[in-house]
Amino acid sequence: MSDVIRRDPRAERIARNRLHPLHQSLVGAATEQRGPTGLLRKDPRAGYFMGPNGLRRIDRSGASHPGAATRVQRGTGGGVSTEPTLPLHQVENPDNFIVCVLDMVGGRLTSHDKDVLGQAHILAKSSAQTTAVTAVVFGDHREEALDKAGVDRLIHFENSDANHYQGYCPEQKLAALQSVESQLAPGHWLFPDSIHGGADLGCRLAARIGERPANHAWQVDSENTICRGGSDRIDIKRQTPRILLLAEECAMPIDETRHEVLALDVEHLVTPDQHIQDLGAVDVDPSQIPLAEAEFILSAGNGVKDWDQFHDVASTLGATEGASRVAVDDGFMPRFRQVGATGIWVTARVYVAVGISGAIQHLQGIGQCEKVVAINTDPGCDMVKRADLTVIGKSQDILAELLRLYKERQSGVSDDSATLSDKTESDESVEDQNKEARRVA
Ligand SMILES: Cc1cc2nc3c(=O)[nH]c(=O)nc-3n(C[C@H](O)[C@H](O)[C@H](O)COP(=O)(O)OP(=O)(O)OC[C@H]3O[C@@H](n4cnc5c(N)ncnc54)[C@H](O)[C@@H]3O)c2cc1C
């Protein structure tokens, strides 16, 4: 991954927002300066570059901008890699805790988890006590950005012989939460109101400790909470309770501070009831999963030329198939597979767009997707701008390579015939994508 250019969408967002506290550190001082009379002066030459034919062009990417180096980074070989250091938020000797029990699907923070942590900080700010936002994580996790997500204290219940937190084990988790309750007596308990365990665990804890939780809460302050009810048709206002099951987008995630993530030890005081036995996951045919609920979608557009290959890749990777409107209108995919403004709005954790240009109507439908991977021949198309990872090349070649790599990994046999020189930049990107795709699958 030597010279792959990596964009930093967060830094770009800060660079566009003149009111952001880190704005100046990213853009440098050159474009706007306060003149001797106190007036703000703009440098009209900044933000332009000379095009290949000698004409002056507006630089919409910001690449020629003084702070561009912080927004565009290169891989290990490129050298430039300066991320702005965020101010550290410290909480010393807290006398109150707001405990967030995170879903951590696949061992990583979900966007819902980040919203919950954002909401916890809103409550912490309005508290009269010194409050630490405390995350509870069960079992193994792979998250490295807990500090940037707003975790002041971390209670990590690790797997041991006595306590195992893999699979469906609400009784063990509930016992652990009861131990937290008895030792910390948190001011609030926050759970993501999700199908990934948050809603279930939140309700169990509320029943066990005799609290009445607020479900599907989407506007919360220290006094009042507004919850969605009646199939999302009505709002119910009530006093903010101790246990909150929060809806998605209840608050903005933390993105302007770093946090300490100091470990908190909690003793296991409560022995779990052992009534539930997890017999493991049941294989589900990905084509039977409704698009709106699918976690991993392989979506086809007008750039897909080999449809048999596309279906083959989708079933091999265990992906649910989606499509652009053009693919549907041309009769290659059924109407119920259409993603977008006039199709289905999807919320996949990984959305792979194969040969889809990224028209606004399509992008509207994937706004909630966590990671978007674009496979396209056009590096300038809108889907590439939206994507977290892009592979430039013909869909037929990339899908064939993806399939080859997947099968190779499955069989555990490395194909020695693929020489080093065959390994292109896009091969590496495909490997990344393959890893992510298989992780979710
Ligand atoms: C009222 C209205 C509602 C709409 N609603 C929706 C909607 O809900 N959903 C939706 O998707 N669209 C919708 N559309 C249509 C939308 O505007 C676009 O026309 C459509 O999304 C384009 O589909 P596409 O990206 O597959 O095709 P194209 O725009 O033709 O793009 C094809 C892409 O494939 C790439 N490509 C070509 N060959 C290859 C190859 N060999 N390998 C890899 N890449 C290749 C090209 O570079 C291009 O980026 C709507 C339009 C209107 C007017």
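As the structure lists them, so they are numbered: ligands from 1, and atoms in each ligand from 1. What you see is a predicted model; the values in this text were computed from it and never measured. Numbers here simply count residues along the sequence, with the first being 1.
- Across every non-hydrogen atom of Ala199 and Asp193, the tightest pair is CB-OD1, 3.2 Å.
- Between the side chain of His362 and the main chain of Ala341, no donor-acceptor pair closer than 3.5 Å is present.
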- Task: Show your working on side-chain contact (heavy atoms from CB on, under 4.5 Å) between Ile356 and Asn376 and close with a plain yes or no.
- Result: CA-CA 7 Å; Ile356 300 179; Asn376 208 299; 5.6 Å; no

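- Protein heavy atom closest to atom 21 (O) of ligand 1, with residue, atom name and distance, is Ala359 CB, 3.7 Å.
- Given atom 31 (O) of ligand 1, the protein heavy atom at minimum distance is Ser357 CB, 3.3 Å.
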- Give the intermediate values and the outcome of side-chain contact (heavy atoms from CB on, under 4.5 Å) for residues Cys203 and Asn215. CA-CA 9 Å; Cys203 292; Asn215 295 53; 4.2 Å; yes

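- The shortest N/O to N/O separation between Lys394 and ligand 1 does not fall below 3.5 Å.
- When non-hydrogen atoms are compared, ligand 1 lies under 4.0 Å from the side chain of Gln396 (C-beta onward) but not from its backbone.
- Ligand 1 has no N or O atom lying under 3.5 Å from any N or O atom of Val326, backbone or side chain.
- Using 4.0 Å as the threshold, Gly343 has a heavy atom nearer than that to some atom of ligand 1.
- With hydrogens left out, the protein atom closest to atom 1 (C) of ligand 1 is Arg325 NH1, 4.2 Å, a heavy atom.
- Atom numbering of ligand 1 starts at 1 in the shown order; those under 4.0 Å from a heavy atom of Gly393 are 42 (N), 43 (C).
- In summary, the side chains of Thr110 and Asp103 do not present any donor paired with an acceptor at a separation below 3.5 Å, with no hydrogens or angles considered.
- Atom 9 (N) of ligand 1 has its nearest heavy-atom neighbour, among Val339, Asp330, Thr377, in Val339.
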- Start with the C-alpha gap between Arg325 and Asp329, add the side-chain angles, then the distance that decides, and say whether salt bridge (Lys or Arg N to Asp or Glu O under 4.0 Å) holds. CA-CA 6 Å; Arg325 179 157 158 181; Asp329 286 350; 3.5 Å; yes

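- Polar contact with ligand 1: absent for Ala327 (N/O pair, distance under 3.5 Å).
- Taking any N or O of Gly355, backbone or side chain, at least one lies under 3.5 Å from an N or O belonging to ligand 1.
- At the top of the distance list for atom 7 (C) of ligand 1, counting protein heavy atoms only, stands Gln338 NE2, 3.1 Å.
- Judged by distance alone, with hydrogens and angles left aside, the side-chain atoms of His141 form no donor-acceptor pair with the main-chain N or O of Leu109 at under 3.5 Å.
- Taking atom 53 (C) of ligand 1 as the reference point, the nearest protein heavy-atom neighbour is Gln361 NE2, 3.9 Å.
- At a heavy-atom cutoff of 4.0 Å, ligand 1 is contacted by no atom of Met383, backbone or side chain.
- Both the backbone and the side chain of Ser395 come within 4.0 Å of ligand 1, counting heavy atoms alone.
- Note: His311 and Trp307 have tilted aromatic rings, judged against thresholds of 30 and 60 degrees for the angle between ring planes.
- Formation of a donor-acceptor pair under 3.5 Å by the Thr347 side chain with backbone atoms of Ala292 is found in this model.
- No side-chain N or O of Gln338 forms a donor-acceptor pair with one of Gln361 less than 3.5 Å apart.
- If you check which protein heavy atom lies closest to atom 27 (O) of ligand 1, you get Asn302 CB, 3.2 Å.
- Below 30°, between 30° and 60°, or above 60°: for His89 and His259 the angle between ring planes is between 30° and 60°, a tilted geometry.
- In terms of protein heavy-atom proximity, atom 40 (C) of ligand 1 is closest to Gly303 O, 3.2 Å.
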